[in-house]
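The chains referred to below are lettered A, B, ... by the order of the sequence lines, with proteins before strands, and numbering in each begins at 1.
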2 protein chains.
Amino acid sequence: MVKLSGGVEWALHCCVVLSAATEPTPATKLAELHDVSPSYLAKHLQSLSGAGLIHSTQGKSGGYLLTRSAADITVLQIVEAIDGATPAFRCTEVRQRGPLAASAESCTIPCGIARVMGDADRAWRESLGAVTVADLADELSSTAGPATLPRVNRWLQTGT
Amino acid sequence: MVKLSGGVEWALHCCVVLSAATEPTPATKLAELHDVSPSYLAKHLQSLSGAGLIHSTQGKSGGYLLTRSAADITVLQIVEAIDGATPAFRCTEVRQRGPLAASAESCTIPCGIARVMGDADRAWRESLGAVTVADLADELSSTAGPATLPRVNRWLQTGT
DNA sequence: GGTCTTGTACTCGGATAACACTTGTCCGAGTGTGCTGGG
DNA sequence: CCCAGCACACTCGGACAAGTGTTATCCGAGTACAAGACC
């Protein structure tokens, strides 16, 4: 089954929230806001940190912050940070196996099946790469109201 | 990790081969041709049969055959038969959870994140749905030579 | 010689274990903050 | 009153189990073919 890690959804929501944050936000707060497991969310935030999308500061008032403008972070980058950048389809070169195997030197170019799957994968990634976190934030303001993100930001800071 | 079942590759190859076959081909022969586990390949062929893409006949000279012209079977149909038609991304409605949860009646339309992921999934499926098994067979004839498929067919029938 | 019966060998189909990966959790290392004591 | 030192509390980071889905396998049900016996 072609299945995406559930943590991708959390990571996307967190990035949208962080795009409105002005001060470092700890993982605990983000987990409480979304009502998910703090430990497990922390794991995914580590992945985002490792990919260079968010920056972590330790210490008492530490937490996570975007490393650059939300307009410069695409959904694709977040998905690949969490889920890996390897294509969903991996060609095992079946044509080179069995009694009628093709010679290795005739297989310099990928077979038709691998090319079709690769094209589809590319279309998927291109679609995800066309949307930025800023777009998601704008979309949220349009549908849920412009006060949504500031309200979330206030809750993160003061708890009310 | 977004990962596709390995059996998808086998199923696609089998369908291309079957598009050139004129008589029922048993799963054993297909497994031997591709040098893969016969039992496991049989499982995937069952899925294709259940989806109505191939038809099975039992008995001594039985086997599998396409139910319709190769030009009427798309790659997408094969992938969905093996791997399921459920989208890779499943929205868990995070916005309705936590201390700042949105009301249920304000969530009649999917959130922006779910829409972006849905669009990407649609692009992926659209790309796969544009290619038919006949296209793959033609492509194979162009790159590996026009004699390839007839030769495979002869091997399936006579073993030489 | 033709036809019916029977046996056989071959096919698919679904139920059954082993493995891998995702999911979920925990505790230790590191660091900024705030307090305390002294100058 | 100002500054240095220190202890603390809070943060992230990576290492450690449990659940779920994929991978791989086997054996039983069903069927067409072929041989053989009978008319």
Side-chain angles (χ1 to χ4, degrees), chain A residues 1-11 14 18 21 23-32 34-65 67 79 81-84 86 88-90 92 156-157 159, chain B residues 1-11 14 18 21 23-32 34-65 67 79 81-84 86 88-90 92 156-157 159:
Chain A
M1 172 82 71
V2 52
K3 185 76 195 313
L4 214 49
S5 291
V8 169
E9 182 180 11
W10 302 355
C14 285
L18 285 178
E23 296 179 25
T25 308
T28 313
K29 278 280 178 187
L30 289 171
E32 191 181 348
H34 295 114
D35 188 27
V36 297
S37 160
S39 320
Y40 191 32
L41 179 62
K43 188 180 184 64
H44 292 306
L45 292 175
Q46 281 172 34
S47 297
L48 292 179
S49 176
L53 298 177
I54 61 179
H55 177 71
S56 67
T57 45
Q58 281 189 337
K60 188 152 190 166
S61 62
Y64 287 106
L65 219 51
T67 53
V79 170
I82 300 293
D83 222 58
T86 57
F89 181 84
R90 193 176 67 92
T92 59
L156 288 174
Q157 302 297 335
Chain B
M1 173 82 71
V2 52
K3 185 76 195 314
L4 213 50
S5 291
V8 169
E9 183 180 12
W10 301 356
C14 285
L18 285 177
E23 295 178 27
T25 308
T28 313
K29 278 280 178 187
L30 289 170
E32 192 180 347
H34 295 113
D35 188 25
V36 297
S37 162
S39 320
Y40 192 33
L41 180 63
K43 188 179 184 63
H44 292 307
L45 292 175
Q46 282 171 34
S47 297
L48 292 179
S49 176
L53 297 177
I54 61 179
H55 176 72
S56 68
T57 45
Q58 282 189 338
K60 188 153 191 168
S61 63
Y64 288 105
L65 220 50
T67 54
V79 170
I82 301 293
D83 222 60
T86 57
F89 181 83
R90 193 175 67 91
T92 60
L156 287 174
Q157 302 298 334

Expressed in angstrom and rounded to an integer, what is the separation of H44(B) atom NE2 from dG21(D) atom P?
17 Å

Here the distance between atom C1' of dC27(C) and atom NZ of K43(A), to the nearest Å, is 14 Å

Specify the separation, in whole Å, of atom CG of L156(A) and atom P of dT11(D).
13 Å

Could you tell me whether the phosphate oxygens of dG13(C), OP1 or OP2, come under 4.0 Å of any side-chain nitrogen or oxygen in S49(B)?
yes

d(CD, Q58(A); C1', dG30(C)) in whole Å
5 Å

Rounded to whole Å, CG of L41(B) lies from P of dT11(C) at a distance of 14 Å

I would like to know whether E9(B) and F89(A) meet side-chain contact (heavy atoms from CB on, under 4.5 Å); could you show each step before the answer?
CA-CA 8 Å; E9(B) 183 180 12; F89(A) 181 84; 3.8 Å; yes

On the side chain of Q46(A), is there an atom forming a donor-acceptor pair with the base of dG13(D) - under 3.5 Å, no angle test?
yes

What integer distance in Å separates I54(A):CD1 from dT11(D):C1'?
13 Å

As a quick check of understanding, evaluate side-chain contact (heavy atoms from CB on, under 4.5 Å) for E23(A) and S61(A), giving each step before the final call.
CA-CA 9 Å; E23(A) 296 179 25; S61(A) 62; over 6 Å; no

According to a strict under-4.0 Å criterion, is S37(A) in side-chain N/O contact with OP1 or OP2 of dT23(C)?
no

5'-most contact on DNA chain D (nearest-nucleotide basis), G6(B) vs T57(A), goes to T57(A)

Rounded distance in Å - NZ (K3(B)) to P (dT22(C))
9 Å

Looking at every strand, decide which applies to A27(A) at a 4.0 Å heavy-atom threshold: base, sugar-phosphate, or nothing.
sugar-phosphate

Check whether any side-chain N or O of S61(B) sits under 4.0 Å from OP1 or OP2 of dT11(C), and answer yes or no.
no

Is it true that a side-chain atom of S5(B) and a backbone atom of V8(B) form a donor plus acceptor pair closer than 3.5 Å?
no

Note: A21(A) and L65(A) closest approach over all heavy atoms is O-CD1, 4.5 Å

Sorted by position of nearest nucleotide on DNA chain C, 5' first, the leading residue of K60(A) and A42(A) is A42(A)

Would one find a side-chain N or O of S56(B) under 4.0 angstrom from OP1 or OP2 of dG13(C)?
yes

So what does G7(A) touch, heavy atoms closer than 4.0 Å: a base, only the sugar-phosphate, or nothing?
nothing

Any side-chain to backbone donor/acceptor pair from T67(B) onto H55(B)? Under 3.5 Å, distance only.
no

Whole angstrom value for the distance that separates C1' of dA18(C) from OH of Y40(B):
13 Å

